[in-house]
Amino acid sequence: MDPFTLFFMLVSFLIFFTCWKLITTKTEKNLPPGPPKLPIIGNIHQFHTQSPHRALRKLARKYGPVMHLQLGQVSTIVISTPQLVQEMMKTHDLNFSDRPTNITSQIFFYNNQSVAWSPYGNYFRQIKKTVKLELLSATKVRSFSYIREDELKRVVKSVETCIGTPINFRTLASQTVNNLVCRATLGDVCKDRNILLDTMTLIMKTFSSFNVVNLYPTLQFLNIITGKKAKWLKIHKQLDGILETILEEHRIQEGSSQDHEDLVNVLLRLKDTGAFEFPISDNNIKAIILEMLIAGTSSSSMTIEWAFCELMRHPQVMQKVQSDIRATVKGTTITDSDIQNMHYLKLVVKETLRLHGVPILVPRQNQKDCNLLGYHIPAKTKLLINAWACGTDPDSWEDPGSFKPERFENSSISYLGADFELIPFGTGRRICPGINFAIGTVECILSNLLYHFDWNLPDGVNPQDIDMTEVTAISTLPKYPLQIVPISRPLVSYAPGGTLVEP
Ligand code: HEM
């Protein structure tokens, strides 16, 4: 087929399906208001920007807190205020507990068998409960303190070798988080660890890159003729080989006395002893562990980088949090109980999550038609919750755009999903199961880096010069990785409460 015919067929297809979709959605339903839709693309041009959460908030101010967008062929509802999220969760959480899936989630997560991609139902509830209990519960996270202490000792040593020279903070944060997540999930057994990490990076790139077929699902053939599907299947095959080896290594090691059981050990034991109510296969286990490795890394390391960006921009907050940490640590290493007493550090983490948490929640989809505030929402509509817009809602927050950890000082607002103005981990049945693990990781890395070192900006860069421009891939990151210079901490001491005691 010559390129012209192919192009002509493609355009005809697009026009036909989009006109059909636009006409049917407009005439048959009482949908929420939204910006005018262009032919063929609908509102794609208003959504696909570097900071979609900001673009959506701007549109919501004009069209209202519940808004309809047509993203190609995908009918989408956007919710942008805490009140609306509360209303949604009260009445429609169960109905909106499915996830819209796509060809890449299908290929990489073994036909959507991981926690995040599986449809709401018995299998989903069983595996979410298992990962929460066996990897992500508060007790489990405490039991991984030996991994955190071990890894952080190594990180502190390596930063000591860079004193006085600028380092790429993003690389430092993401490698540290990745090591913690890998050791908790896989143990120390994985001879192909570097290839596994490279393949995971490729998968994350695939997920965050633009794919027209996600907006025009009827054009699946494009993934075939452009060779994308073949490429993804090849990556998946390589990854499957590595995951298969990991399971084998764990099976061989089974029975030998081990101090600590990792997630793979647990899943294999539960599978082999028939302890699951709904039996699972090796492919299910591979999908689950792959997701833990990917979901566990990017959001936590992003939070650490944003926290450091804000601290470097606000030297007074930096000084206050370092004093709090240094006054709390009792011995030579930082223990979990030290961290529990670092009150100001906890406020810094909360404020970072409010301003820079996952900005738009992972999408949901409704199983059945429903009525939301008098609007008709047809089944299988995609739902986006703009968590960032809730976190910066002017009716809920004073001076919402400023970084002020003190705002949480006497506040009971938490990020556990019940306070809808602060939902960086989501809410309802699909809330993030990794909150304990994430907070444990973020607080441990931040406290160690802030306790052992002071930090400067490279020569000639002032705090107000730090570029806070965002770029959204899987997570929303600073567009330019933070470069900072570690320096040895001064030999001073702190009284309880963080007051400086002169030597
Ligand atoms: C600061 C770090 C993190 C942030 C901000 C974060 C945020 C989120 C958000 C917003 C969701 C979607 C929730 C919803 O739809 O309501 C989610 C889902 C999920 N997260 Fe996290 N997450 C973090 C760390 C982790 C960690 C450490 C793990 C595991 C090791 C993890 C595993 C998951 C999984 C499996 C889901 C899917 C849950 C479901 O579909 O029911 N996350 N996360």
Side-chain angles (χ1 to χ4, degrees), residues 53 79 85 88-89 92-94 96-101 105 109 112-121 123-137 140-141 144 147-148 173-174 177-178 180-186 200 262-263 287-307 349-350 352-365 382-388 390-391 415-418 420 422-446 474-477:
H53 51 293
I79 286 188
V85 179
M88 264 285 313
M89 287 299 130
H92 302 288
D93 182 32
L94 179 59
F96 275 95
S97 284
D98 271 355
R99 297 259 188 233
T101 56
S105 67
F109 291 98
N112 299 317
Q113 293 299 302
S114 68
V115 179
W117 293 104
S118 54
Y120 187 79
Y123 171 77
F124 162 80
R125 279 197 299 272
Q126 169 176 280
I127 58 169
K128 188 163 182 179
K129 191 169 143 200
T130 307
V131 295
K132 268 170 82 175
L133 205 69
E134 304 292 352
L135 179 72
L136 305 170
S137 68
K140 272 285 166 184
V141 172
F144 296 136
I147 300 180
R148 290 191 292 273
S174 62
V177 175
N178 203 275
L180 295 178
V181 177
C182 274
R183 285 185 65 182
T185 311
L186 310 176
M200 270 165 44
D262 59 55
L263 183 68
I288 296 167
I289 59 178
L290 175 64
E291 180 167 88
M292 290 302 118
L293 299 177
I294 291 180
T297 303
S298 60
S299 313
S300 305
S301 63
M302 169 203 85
T303 306
I304 295 168
E305 187 176 355
W306 278 120
V349 172
K350 247 187 192 179
T352 305
L353 287 166
R354 182 184 71 81
L355 275 178
H356 305 288
V358 170
I360 299 178
L361 299 191
V362 187
R364 310 275 187 92
Q365 183 176 282
K382 186 169 170 174
L383 169 75
L384 296 176
I385 297 178
N386 192 342
W388 176 79
C390 297
Y415 41 59
L416 297 176
F420 300 99
L422 187 66
I423 47 169
F425 294 102
T427 176
R429 287 171 170 80
R430 302 287 320 214
I431 192 171
C432 175
I435 302 179
N436 293 317
F437 197 104
I439 294 297
T441 304
V442 169
E443 289 179 348
C444 174
I445 295 178
L446 282 177
I474 268 195
S475 305
T476 296
L477 291 159

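Whatever order the structure lists them in is the order used to number ligands and atoms, beginning at 1. Treat the numbers as computed from the prediction; the structure is a model and nothing was measured. Computed from heavy atoms alone, side chains included, the values below leave out hydrogens, waters and symmetry copies.
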Where do I127 and Q113 land on the side chain to side chain contact (heavy atoms under 4.5 Å, CB included) test, with the steps shown first? CA-CA 9 Å; I127 58 169; Q113 293 299 302; over 6 Å; no
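- Distances shorter than 4.0 angstrom do not occur between any heavy atom of W117 and any atom of ligand 1.
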Between R364 and R99, does the side chain to side chain contact (heavy atoms under 4.5 Å, CB included) criterion hold? Intermediate values first, please. CA-CA 5 Å; R364 310 275 187 92; R99 297 259 188 233; 3.6 Å; yes
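- Any N or O atom pair closer than 3.5 Å counts here, and E291 shares no such pair with ligand 1.
- Distance alone, capped at 3.5 Å, is enough to place a donor-acceptor pair between the N386 side chain and the H53 backbone.
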Determine, step by step, whether R430 and Y120 satisfy the side chain to side chain contact (heavy atoms under 4.5 Å, CB included) criterion, reporting the C-alpha distance in whole Å, the side-chain angles of both residues, the deciding distance to 0.1 Å, and the verdict. CA-CA 9 Å; R430 302 287 320 214; Y120 187 79; 4.3 Å; yes
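- Minimum heavy-atom separation, V358 to P424: CB-O, 4.0 Å.
- Side-chain atoms of Y415 never come within 3.5 Å of backbone atoms of I435 as a donor-acceptor pair (strictly under, hydrogens ignored).
- Distances from atom 21 (Fe) of ligand 1 under 2.8 Å pick out these protein N/O/S atoms: C432 SG.
- With a 4.0 Å heavy-atom cut-off, ligand 1 is reached by no atom of M302.
- Counting only non-hydrogen atoms, the option in K132, R99, K128 that gets closest to atom 15 (O) of ligand 1 is R99.
- Taking atom 16 (O) of ligand 1 as the reference point, the nearest protein heavy-atom neighbour is R364 NH2, 2.7 Å.
- Listed by atom number, the atoms of ligand 1 under 4.0 Å from M292 heavy atoms are 29 (C), 30 (C), 35 (C).
- If you check which protein heavy atom lies closest to atom 7 (C) of ligand 1, you get P424 O, 3.4 Å.
- For the pair R148 (side chain) and V141 (backbone), a donor-acceptor distance under 3.5 Å is present.
- Heavy atoms from both the backbone and the side chain of V362 come within less than 4.0 Å of ligand 1.
- At the shortest separation from atom 14 (C) of ligand 1 among protein heavy atoms lies R430 O, 3.2 Å.
- With contacts defined as side-chain heavy-atom distances shorter than 4.5 Å, the pair I439/F425 qualifies.
- Among T185, I385, I288, T303, the residue whose heavy atom sits closest to atom 1 (C) of ligand 1 is T303.
- The shortest distance between side-chain heavy atoms of W306 and L355 does not fall below 4.5 Å.
- Near L136, meaning under 4.0 Å from one of its heavy atoms, ligand 1 places the atoms 29 (C), 30 (C).
- Residues F109 and T101 are not in side-chain contact: their nearest non-hydrogen atoms beyond the backbone lie 4.5 Å or more apart.
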Does M200 form a side chain to side chain contact (heavy atoms under 4.5 Å, CB included) with N178? I'd like the steps, not just the answer. CA-CA 11 Å; M200 270 165 44; N178 203 275; 4.0 Å; yes
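- For S114, the side chain to side chain donor-acceptor pair (under 3.5 Å) criterion is met by E291, not counting sequence neighbours.
- Distances from ligand 1 to the non-hydrogen atoms of G357 include no value under 4.0 Å.
- Near L361, meaning under 4.0 Å from one of its heavy atoms, ligand 1 places the atoms 10 (C), 16 (O).
- If you number the atoms of ligand 1 from 1 as listed, the ones under 4.0 Å from a heavy atom of T427 come out as 16 (O).
- Taking both residues in full, the closest heavy atoms of G417 and I431 are given as CA-CD1, 3.8 Å, listed atom of the first, atom of the second, then distance.
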